[in-house]
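What follows is a single structure, written as C-alpha cells, with notes after it.
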Amino acid sequence: MKIRTRYAPSPTGRMHVGNLRTALYEYLIARHENGEFILRIEDTDQERFVEGALEIIYNTLAKTGIDYDEGPDNPGDCGPYVQSERVAAGIYMEYALKLIEKGEAYYCFCDKERLDSLRTTVAGKEIMVYDKHCLNLPKEEIEANLAAGKPFVIRQNTPNEGTTTFVDDIYGAITVENSELDDMVLIKSDGYPTYNFANVVDDHLMGITHVVRGNEYLSSTPKYIRLYEAFGWEPPVFVHLPLITDEEHHKLSKRSGHSSFEDLVEQGFLPDAIVNYVSLLGWSPEGNEEIFSLKQLIENFDYRRVNKSPAVFDMAKLRWMNGEYVKVQDFEEYKKYAMPYILKAFNAEAPAEDGSVTTEDGVVLSAESVKKILELMKTRIEIFPDIPEKIDFFNRLPEYDTAMYTHKKMKTDSAISYEILKEILPVLETHNDYSLDSLHELIMDFIAKKGVKNGVVLWPLRTAVSGKQNTPGGAFEIMEILGKDESLRRIRTGIEMLEKAM
RNA sequence: GGUCCUAUGGUCAAGCGGUCAAGACACCGCCCUUUCACGGCGGUAACCCGGGUUCGAUUCCCGGUAGGAUCACCA
C-alpha cells in the first residue's frame, strides 16, 4: 500500500516550529517510502482566519523545500483541498446526515445558556461535558425546530459504556473509557464542520493512510476512532509526535513569540538549518551524524525511530547548527545573506557602484576589502545579525582605554607598546604595498630584526588599528582592509593616547 | 479534578536484560595561533524513587513521585 500523508494547517497566522515539524515528518514519512504528500487547508473557523496566512503557509513550505503532490494550487483527484470549498460543496453535511440516519449522530438545539449551565470549573480550568439532552428528541419536535429555522448543531452519539482502544504507531495501544468521551459537535450552527469531523471525513475521502500529528491529539483520538467506526470506515495508521516545548517545558504556542519559522528567518536563521534542527526534535537517525539536508533526511527518516518524550527547543543548538550551515555555504549565497548586515555596520544603504563602501570616518573600503570582511566573518558567526557588532571598528575607531595595550601573555604593556609603535611607524610609512603578504613579510622582518616575540609587536599594532580587545582577523588582515592611510592614522592616534597616558 | 502521555547529564539524544551508559549543543581546560573564530585533543556532568520478575535490571511489570497534554460550536 502506498503511503499517503497530509499536512492540514489552518490559516491562522505564522507557522510555529511545532507545526513545521509536523509538516516535515508527514512529508518525510511519505517521501521516505515513495508515498504521496498532500496539502489541505483547514479553514473551518471563520473567526480565526488571518489575512495572508495562506501565503505564509505556501511560502514556508516553499522555503523549506517541502513540496506536495496535491494541494489547493495543485489539485489531484480528491479536491477541493480547501475545507471552506468543501463546505460549499455540501460534503460534510452529507456525511453528517448519514450518521444521523444511522443513529450515530443527532440534532442538538441547546442554546448557549443551557450549555453554559453545564460548565464547571475544576482546578482553575473550565470543563464541559454534554449531557445528551437532545439525543432523544421526538421526531416531530426536531422537524418543527428545523422548519422554524431554529439554530442547530449536529453531535456525535458516543456510547457511555464500554471502552475504545486504538493503536498508535509510536505510543502503542491506548484505551479510554467511552464515558470519558464527549458527544462532540460535528457540524457547527453556522453549518461549518468542526475540525474533528472535517478531519476524519477528509482523511478518509482523500485516502490518507497515516495520520501524523502532535500528541496533544492523543487523548481525543478515541473520538475519531468512534467516528470511523460509525461510518464503517477503516481507521488510518496513527502516528502521534512528541511535543516540542519551551525552556519552561510548556507546549510551544504562537504566543511564546520567537517560535515561528518566519520569526526565526527574520532573526537570521537559514531555512535549511531550521529544518535540520527541527527534524532532530523528537527523532534521531541511526548513526551519530546530525547535519542532514532535506534529501538526506528523506533517505534516513524512519518514523519508527520517533521518540515519545517531549523535547525542549534549544536556541543555542539551533544557533550552532546555523553556524555550521553558514560555514559551508557557497560564497555568493552567503554574501546575499551577509551583505545587508555588513552594510548595517557602516550605516550604509548600499555599496557604491564599484562595490566600495565608505565608513562613517570617511574611509573608502574597496570592493576587495568588503569581500575580505565577508570572508573574515564566514567562520565567525552563527547567525547573520552577529555581524555588525563584530566589525563596527572598521566603521569607526572606537574610544578605547590604553590599558588594553597591556597584555601579559603577549609580554607587552603601555610603555613597550609606545616604543614599538613609534619605532614601526616610519617603517610602515615608507611601505606602500598594504597587501596581506607584503605586510606580513615587512612586519615579520621587523620582528626578526628586533629579536622579540611576535606578540610584542603584533598586539599593540592590532590594538591600535582596531581599538578592540579582540577582533576577527589580526593586525595584518585589519591593516590590509583599512589601507595605508587609515592604518597609519590609527597608529598615530594610538601613539598620542599612550603619550598622554604616561 | 477526571483521563491520557512521558521520565537517561543543563538541553537534544543513543540504548531495546550483562556496556567503563554512545554522540551532539552548552560549559571548562589544553594545543594551534598576533587577539577572536575555525580546527584538533581532553574534561566535568545522567539512568526520578520504591517494590517485584530474573543469576543479573537503565532496559520488563506494578506502585509512587514529578512533569506535560487534554477535557470548546479552536484547531
Side-chain angles (χ1 to χ4, degrees), chain A residues 8-10 12 42-45 47-48 108 110 112 115 119-130 151-155 168 171 174-177 179-182 184-190 192-196 198-199 213-222 240 242-243 245 247 249-251 277 280-291 305 307-321 323 327 376-381 390 407 409-410 443-444 447 453-463 466 468-478:
Chain A
S10 42
T12 57
E42 308 217 329
D43 59 344
T44 56
D45 187 349
E47 284 180 20
R48 288 214 302 158
C108 171
C110 292
K112 191 172 179 299
L115 259 19
R119 288 179 201 283
T120 49
T121 304
V122 171
K125 284 163 188 170
E126 199 171 71
I127 60 176
M128 206 271 282
V129 180
Y130 187 63
F152 69 88
V153 117
I154 295 176
R155 286 185 184 273
D168 181 88
Y171 288 91
I174 291 171
T175 301
V176 165
E177 296 284 336
S179 54
E180 289 294 325
L181 274 23
D182 195 24
M184 66 176 173
V185 171
L186 269 22
I187 300 286
K188 302 187 257 187
S189 56
D190 62 2
Y192 275 71
T194 55
Y195 161 80
N196 310 278
N199 213 252
R213 56 197 345 190
N215 88 354
E216 65 263 37
Y217 294 103
L218 207 49
S219 45
S220 56
T221 302
H240 284 92
L243 249 25
T245 75
E247 297 79 353
H249 300 277
H250 290 119
K251 188 173 100 168
Y277 175 68
L280 264 16
L281 251 25
W283 172 81
S284 61
E286 271 193 65
N288 279 333
E289 187 58 43
E290 287 198 311
I291 303 296
R305 289 184 63 87
N307 57 24
K308 305 180 197 179
S309 36
V312 173
F313 187 88
D314 183 5
M315 204 53 102
K317 184 147 183 180
L318 207 213
R319 288 183 64 101
W320 165 78
M321 190 167 278
K327 265 177 252 165
L376 236 28
M377 295 317 293
K378 204 161 184 274
T379 57
R380 279 170 245 256
I381 57 167
K390 290 186 190 295
H407 194 291
K409 204 178 155 206
M410 296 299 126
I443 296 168
M444 291 314 274
I447 289 170
K453 288 200 66 171
N454 293 349
V456 175
V457 174
L458 266 10
W459 179 266
L461 217 40
R462 196 186 54 78
T463 302
S466 71
K468 285 186 94 172
Q469 195 71 249
N470 45 247
T471 54
F476 305 135
E477 286 84 355
I478 295 169

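Residue numbers begin at 1 in each chain, while the letters A, B, ... track the order of the sequences. What's counted below: heavy atoms across the whole structure, side chains too, no hydrogens, waters or symmetry copies.
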(request) Could you tell me whether A/R48 and A/D45 have a side-chain N and a carboxylate O separated by less than 4.0 Å? (result) yes

(request) Inspect the contact between A/R462 and A/E477 and indicate whether a charged nitrogen and a carboxylate oxygen are less than 4.0 angstrom apart. (result) no

(request) Decide yes or no, distance alone: a donor-acceptor N/O pair under 3.5 angstrom between the base of B/A69 and the side-chain of A/Y217. (result) no

Across the strands shown, which category fits [X] at heavy-atom distances under 4.0 angstrom: base, sugar-phosphate, nothing?
X	result
A/S189	base
A/V153	base
A/R213	nothing
A/L115	base
A/I127	base
A/N199	nothing

Close N/O contacts between protein and nucleotides 65-68 of chain B (under 3.5 Å):
{"from": "B/G68", "atom 1": "OP1", "to": "A/H250", "atom 2": "NE2", "distance (Å)": "3.0"}

Nearest-Å distance, [atom1] ([X]) to [atom2] ([N])?
X	N	atom1	atom2	value
A/M377	B/C36	CE	C1'	10 Å
A/N307	B/U8	CG	C1'	12 Å
A/E177	B/U3	CD	P	9 Å
A/H240	B/U70	NE2	P	12 Å
A/K308	B/A7	NZ	P	7 Å

Side chain of [X] only, heavy atoms from C-beta on: which candidate in [options] is closest?
X	options	answer
A/R48	B/C74, B/G1, B/C73	B/C74
A/V312	B/C12, B/C4, B/A75	B/C12
A/A311	B/A13, B/C74, B/G1	B/A13
A/S284	B/A75, B/G2, B/A13	B/A13

(message) Hydrogens and angles aside, do A/T221 and A/R213 bring a side-chain donor and acceptor to less than 3.5 Å of each other?
(response) yes

Counterpart base for [N], defined by Watson-Crick or G-U wobble contacts under 3.5 Å:
N	answer
B/C38	none
B/C16	none
B/C32	none
B/A57	none
B/U70	B/G2
B/C48	B/G64

Taking the side chain as every heavy atom from C-beta outward, state whether [X] and [Y] have any pair of such atoms under 4.5 Å apart.
X	Y	value
A/P222	A/L181	yes
A/M321	A/I291	yes
A/K308	A/P242	no
A/K378	A/L376	no
A/Y195	A/Y217	yes
A/H250	A/T245	no

(request) For A/K453, look at atom NZ and say whether over 12 heavy atoms of other residues, nucleotides or ligands are found less than 6.0 Å away. (result) no

(message) Does A/E47, at its CD atom, have more than 12 non-hydrogen atoms belonging to other residues, nucleotides or ligands within less than 6.0 Å?
(response) no

(message) By nearest heavy atom, map A/T175 and A/G287 onto RNA chain B; which one lands nearer the 5' end?
(response) A/T175

(request) Summarise how protein sits on nucleotides 23-35 of chain B as a single string, 5' to 3': B when a protein heavy atom is under 4.0 Å from the base, S for sugar-phosphate-only contact, - for no contact. (result) BBS-------BBB

(request) Going 5' to 3' through nucleotides 39-44 of chain B, assign each nucleotide B (protein heavy atom under 4.0 Å from a base atom), S (under 4.0 Å only from sugar-phosphate atoms) or - (no protein heavy atom that close). (result) S-----

